[in-house]
Amino acid sequence: MAKKWVYKFEEGGADMRNLLGGKGCNLAEMTHYLHMPIPHGFTITTEACTEYYNNGKGLTKEITDQIEENLKWLEEVNGKKFGDPDDPLLVSVRSGARASMPGMMDTILNLGLNDVAVEGFAKKTGNPRFAYDSYRRFIQMYSDVVMEVSKSLFEKEIDDVKAKKGIKYDVEMDVDDLKELVKRFKKIYKDALGKDFPQDPQDQLMGAILAVFRSWDNPRAIVYRRMNDIPGDWGTAVNVQTMVFGNKGNTSGTGVAFTRDPATGEKGIFGEYLLNAQGEDVVAGVRTPQPISTLEQAMPDVYKQFMELATGLENHFHDMQDMEFTIEEGKLWFLQTRNGKRTAQAAIKIACDLVDEGQIDEKTAVTRIEAKSLDQLLHPVFDPAALKAAKKIGSALPASPGAAAGKVVFTAEDAKEQGIGGKGDRVILVRLETSPEDIEGMNAAQGILTVRGGMTSHAAVVARGMGTCCVSGCSDITNIDEEKKEFTLAGITFHEGDYISLDGSTGNIYQGDVATKEASVAGDFARVMGWADKYRRLKVRTNADTPRDAKKARELGAQGIGLCRTEHMFFNGNRIDAFREMICSDTVEERKKALAKIEPYQEDDFKQLYEAMEGDPVTIRFLDPPLHEFVPQTEEDIEKLAKTQGKTVQQIKDIIAGLKEFNPMMGHRGCRLAVTYPEIAEMQTTAVIKAALAVQKAHPDWNMVPEIMIPLVCEEKELKFVKKTVTDTADKLIAEAGSDMKYEVGTMIEIPRAALTADEIAKDAQFFCFGTNDLTQMTFGFSRDDAGKFLDSYYENKIFESDPFARLDTDGVGKLMKFAVDNGKKVRSDLHCGICGEHGGDPSSIEFCDEIGLDYVSCSPFRVPIARLAAAQAAINHEN
Ligand code: PEP
Ligand code: MG
């Protein structure tokens with residue numbers, strides 16, 4: 001039997017979402033099971049869309065035959081014929097993917113009109129103006145959507161007709177004007193395409209269906225899918241439905257309604273409608289829609305029926321519904337229902353209310369909230385009215401969420417001095433790119449804007465860790481001059497002290513001081529988090545380098561620190577001086593002297609991290625970046641260092657030159673530093689163990705087990721070598737203290753070879769933590785700082801659907817991770833495994849981490865609640 005490619009609404013149901021798309025399956029459910037007033041129609045499946053692409057963007061005969069059969073049926077049930085000169089059948093053709101993608105794909109209304117049918121339509125409706133208006137709109141929409149003829153050509157003709165007549169609004173055009181427009185529109189079509197506007201409704205329909213399938217791959221749909229983790233191979237369904245008209249006089253109308261407020265979650269029907277109007281009029285804003293409550297007076301019976309059906313829909317789907325309806329001459333029709341999009345605040349309230357109303361259980365409630373959306377609750381946001389009035393001057397990568405406004409500064413020092421901490425104003429730090437030296441300035445700024453760098457660039461990673469808004473990689477900025485203190489964007493030159501505003505959640509940049517407000521966290525938030533904690537298996541730790549970050553993360557529910565990047569601690573106060581002395585030492589003795597100055601700082605930092613985590617695990621990662629990143633840049637700093645080191649300026653410059661590498665990310669960094677300079681590992685071990693011993697003493701009821709993590713290992717002997725320094729130092733200190741404190745030594749898995757030799761490496765590692773930033777970089781061979789420059793062409797050419805640095809590549813990098821976990825555990829059954837790359841805070845990556853049996857994920861503090869919720873969703877999905 002031939003495969004079924006087309007389903008009538010009465011043949012489907014809500015459980016066929018994958019095949020019929022969201023709109024199609026709900027129309028089927030409402031028709032087939034709920035017997036609601038739905039105009040007749042049918043759905044062409046998402047599989048037909050996939051087939052269209054497999055078939056070189058064409059439909060097979062089997063599919064077109066089934067469409068034609070269903071069209072015949074549609075004519076029969078409606079008692080109307082396509083193209084009928086007395087009473088033609090008109091249909092809408094609308095997309096509908098599995099996941100809703102509002103406004104991303106195409107829709108065509110009034111299909112079936114032609115030169116003859118328009119007359120029949122005029123007769124039947126008794127309204128020639130309306131008929132010709134529908135026809136000219138159809139030609140316009142069809143030309144644009146199906147044939148890609150520019151909209152502006154049509155707009156020009158409309159303007160011309162109105163100007164000649166001296167009128168301002170479209171509604172002032174009479175039937176003759178509209179007939180004239182139809183004539184002109186058909187000419188535009190012919191001039192552009194060399195053929196007449198199709199008069200056969202069957203041809204129109206096939207063209208429209210192909211256009212909807214094609215629109216699955218339009219650029220805005222591709223971007224939307226990437227942002228919302230929707231796979232490209234899902235495809236869209238196409239719904240062909242009999243048109244009903246809300247513009248047949250004052251007993252007709254059209255509207256949109258929600259069963260709960262999508263902004264706040266408050267229960268009650270929220271919506272708007274317009275009498276004597278089509279959907280477009282509501283959107284166009286020419287007339288102001290009425291609140292739905294006024295329908296009660298206008299049409300009491302329709303109102304009563306609407307309220308009953310809307311409430312019924314919510315009770316049936318057990319979720320807030322977003323509905324479209326039309327009233328045609330006093331008869332109510334539903335055209336669509338779907339689970340409504342909502343803000344995070346509304347999502348939380350609705351989930352809690354539905355649990356209290358007995359509609360859903362806790363696990364379902366947990367799956368109802370989009371984990372990523374919790375971001376909205378944790379960072380400041382722009383005041384909506386202020387944002388509406390603001391002038392957008394550009395956009396770049398949304399590197400770290402939140403809204404920020406302030407005066408432009410160009411250096412970290414200026415940010416510190418002119419910022420609030422320096423008793424100044426709010427500041428936005430604008431840099432070509434940031435470096436570790438900028439840390440204090442970044443901390444002082446409300447927001448950070450960089451010209452270069454991707455989602456895992458220094459600025460992005462550090463800003464996310466701090467919870468500071470950051471927009472990165474704005475290559476539209478020209479003439480940035482940190483000396484002259486100015487840059488140009490959108491033709492405007494900004495100087496130090498000028499206000500700009502950044503939206504780190506969208507990547508948008510605005511001119512001026514746009515008002516922000518603190519996001520409010522409702523009491524229900526904690527309740528949902530409590531449910532998430534009850535149902536998740538994965539533990540959630542945080543990446544934190546400072547006591548402030550650690551405290552914030554703890555407040556947000558972190559169960560330990562999964563990654564402390566110790567190098568980030570070297571920039572506060574005078575520490576950098578001692579650190580530079582260490583780097584620019586010639587002898588072990590000299591180096592040890594400098595390290596001795598650093599050790600107490602580190603020890604104190606570690607103590608504070610341990611205190612913040614109250615006895616929960618803290619993983620300290622040993623020095624990782626290439627040392628060249630830390631050397632002095634200015635002549636003044638070089639001279640200062642030479643003086644303290646008792647060296648000449650030239651000697652220091654020679655050392656700095658010697659540290660330069662062609663490919664620093666693959667150079668002298670990670671554990672390679674500890675192989676060359678074991679005294680660094682010795683100092684860091686000392687700081688870790690001494691701090692843990694002190695904290696253990698202060699809190700005898702805590703069970704301190706410090707975790708030392710060796711980065712960038714690729715070979716078991718390399719790990720063994722560094723580990724020996726660690727254990728020799730630690731064992732001695734613990735024995736001297738008369739303690740029996742345990743500690744663990746583990747490794748990061750961030751080089752493919754480490755993953756491939758995990759069975760060897762696990763002999764020396766008590767834990768693995770996947771550094772998926774480097775693991776992605778090394779597996780793809782893409783620089784994590786530069787990939788942003790070419791990834792766009794990978795999306796455009798459908799080579800990639802998403803950024804592998806933001807969403808874990810489960811096919812490649814993920815395979816290495818699974819291999820490493822499985823093989824590591826064969827050697828050491830109690831090996832514990834986690835992830836601390838940026839993917840540790842990404843919901844779809846967390847789902848994969850749950851699947852391969854990791855023990856924890858670790859992410860920046862502000863992503864901790866997101867990870868808690870995503871971990872629970874992963875566990876519940878896997879259970880189902
Ligand atoms: C990683 O590589 O994933 C990681 C966490 O380490 P870093 O980002 O500090 O290189
Ligand atoms: Mg790394």
Side-chain angles (χ1 to χ4, degrees), residues 399-400 434-436 439 453-466 472 541-546 549 561-571 619-630 663-674 684 707-714 719 746-755 767-787 803-809 812-814 816-817 820 833-842 845-846 848-849 854 856-861 863 867:
S400 178
T434 63
S435 75
I439 199 94
M455 293 294 277
T456 57
S457 63
H458 176 268
V461 171
V462 173
R464 274 199 292 277
M466 292 173 168
S472 68
R541 297 198 196 178
T542 190
N543 294 355
D545 321 318
T546 65
D549 290 353
I561 291 179
L563 172 64
C564 165
R565 293 176 164 105
T566 46
E567 61 272 12
H568 289 176
M569 301 170 141
F570 294 131
F571 290 94
T619 308
I620 307 285
R621 198 258 313 263
F622 277 8
L623 191 64
D624 181 61
L627 298 181
H628 190 257
E629 285 186 13
F630 301 87
N663 211 338
M665 272 311 209
M666 291 185 168
H668 196 193
R669 58 172 287 221
C671 65
R672 298 158 206 173
L673 293 168
Q684 293 204 288
E707 295 178 0
I708 290 172
M709 182 154 75
I710 313 297
L712 223 72
V713 164
C714 67
L719 175 61
T747 182
M748 295 190 76
I749 302 285
E750 41 189 352
I751 293 184
R753 192 177 190 280
F767 61 90
F768 284 174
C769 189
F770 291 94
T772 45
N773 302 334
D774 275 311
L775 191 59
T776 300
Q777 166 167 263
M778 308 269 185
T779 302
F780 281 85
F782 290 169
S783 157
R784 55 195 268 189
D785 294 315
D786 297 315
D803 178 352
F805 289 100
R807 184 184 180 179
L808 193 72
D809 157 49
V813 176
L816 284 170
M817 290 170 68
C833 300
I835 179 173
C836 62
E838 286 302 301
H839 308 88
D842 169 60
S845 310
I846 291 172
F848 179 78
C849 294
L854 294 193
Y856 64 91
V857 298
S858 188
C859 56
S860 53
R863 283 189 176 181

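Only heavy atoms go into these numbers, but all of them, side chains included; no hydrogens, no water, no symmetry mates. Bear in mind that the values here come from a model prediction, so they are computed numbers and not experimental data. Counting starts at 1 for both ligands and their atoms, following the listed order.
Residue Glu567 places no N or O, backbone or side chain, under 3.5 Å from any N or O of ligand 1. Considering both main-chain and side-chain atoms, Phe770 never comes within under 3.5 Å of ligand 1 through any nitrogen or oxygen pair.
At a threshold of 4.0 Å, the pair Arg621-Asp545 does not count as salt-bridged, since none of the basic side-chain nitrogens sits closer than that to a carboxylate oxygen. Ionic pairing of Arg565 and Asp624 is not present here: no N-O contact between side-chain nitrogen and carboxylate oxygen is shorter than 4.0 angstrom.
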| field | Derivation and outcome, side-chain hydrogen bond (donor to acceptor under 3.5 Å, both in side chains), residues Glu838 and Thr772 | value | CA-CA 7 Å; Glu838 286 302 301; Thr772 45; over 6 Å; no
| field | Residue pair Tyr856, Cys769: steps toward the side-chain contact (heavy atoms from CB on, under 4.5 Å) verdict | value | CA-CA 9 Å; Tyr856 64 91; Cys769 189; 3.7 Å; yes
| Stepwise side-chain contact (heavy atoms from CB on, under 4.5 Å) test for Ile835 and Leu854 | CA-CA 8 Å; Ile835 179 173; Leu854 294 193; 3.9 Å; yes
| Val713 and Ile751: CA distance, side-chain angles, deciding distance, side-chain contact (heavy atoms from CB on, under 4.5 Å) verdict | CA-CA 7 Å; Val713 164; Ile751 293 184; over 6 Å; no
| request: Could you walk me through whether Phe622 and Ile708 pass side-chain contact (heavy atoms from CB on, under 4.5 Å), step by step? | output: CA-CA 7 Å; Phe622 277 8; Ile708 290 172; 3.5 Å; yes
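Here is the list of ligand 1 atoms found below 4.0 Å of a heavy atom in Glu750: 1 (C), 2 (O), 4 (C), 6 (O). Residue Cys836 approaches ligand 1 through these ligand atoms, each under 4.0 Å from one of its heavy atoms: 5 (C). Every atom of ligand 1 is numbered from 1 in the order shown, and the set under 4.0 Å from a heavy atom of Met748 is 4 (C), 5 (C), 6 (O). Atoms of ligand 1 lying under 4.0 Å from at least one heavy atom of Asp624, given by number and element, are 10 (O). Atoms of ligand 1 lying under 4.0 Å from at least one heavy atom of Leu563, given by number and element, are 5 (C). Taking every non-hydrogen atom of Arg784 and a distance limit under 4.0 Å, the qualifying atoms of ligand 1 come out as 2 (O), 7 (P), 8 (O), 10 (O).
Ligand 1 has at least one atom lying under 4.0 Å from a heavy atom of Arg669. Heavy atoms of Gln777 stay at 4.0 angstrom or farther from ligand 1. Not a single heavy atom of Glu838 lies less than 4.0 angstrom from ligand 1.
A donor-acceptor contact closer than 3.5 angstrom links the side chains of Arg541 and Thr619. A side-chain donor-acceptor contact under 3.5 Å links Asn543 and Ser858.
At the top of the distance list for atom 6 (O) of ligand 1, counting protein heavy atoms only, stands Arg621 NH1, 3.2 Å. Annotation: atom 7 (P) of ligand 1 to nearest protein heavy atom, Arg565 NH2, 3.5 Å.
A distance of 11.0 Å separates CG of Asp803 from CG of Asp809, quoted to the nearest 0.5 Å.
At a 4.0 Å heavy-atom cut-off, ligand 1 touches Asn773 through backbone and side chain alike.
Residue contact annotation: Asp624 places no N/O/S atom under 2.8 Å from the Mg ion (ligand 2).
Draw a line from the Mg ion (ligand 2) to OD2 of Asp774 and another to OE1 of Glu750, and the angle between them is 100° (to 10°).
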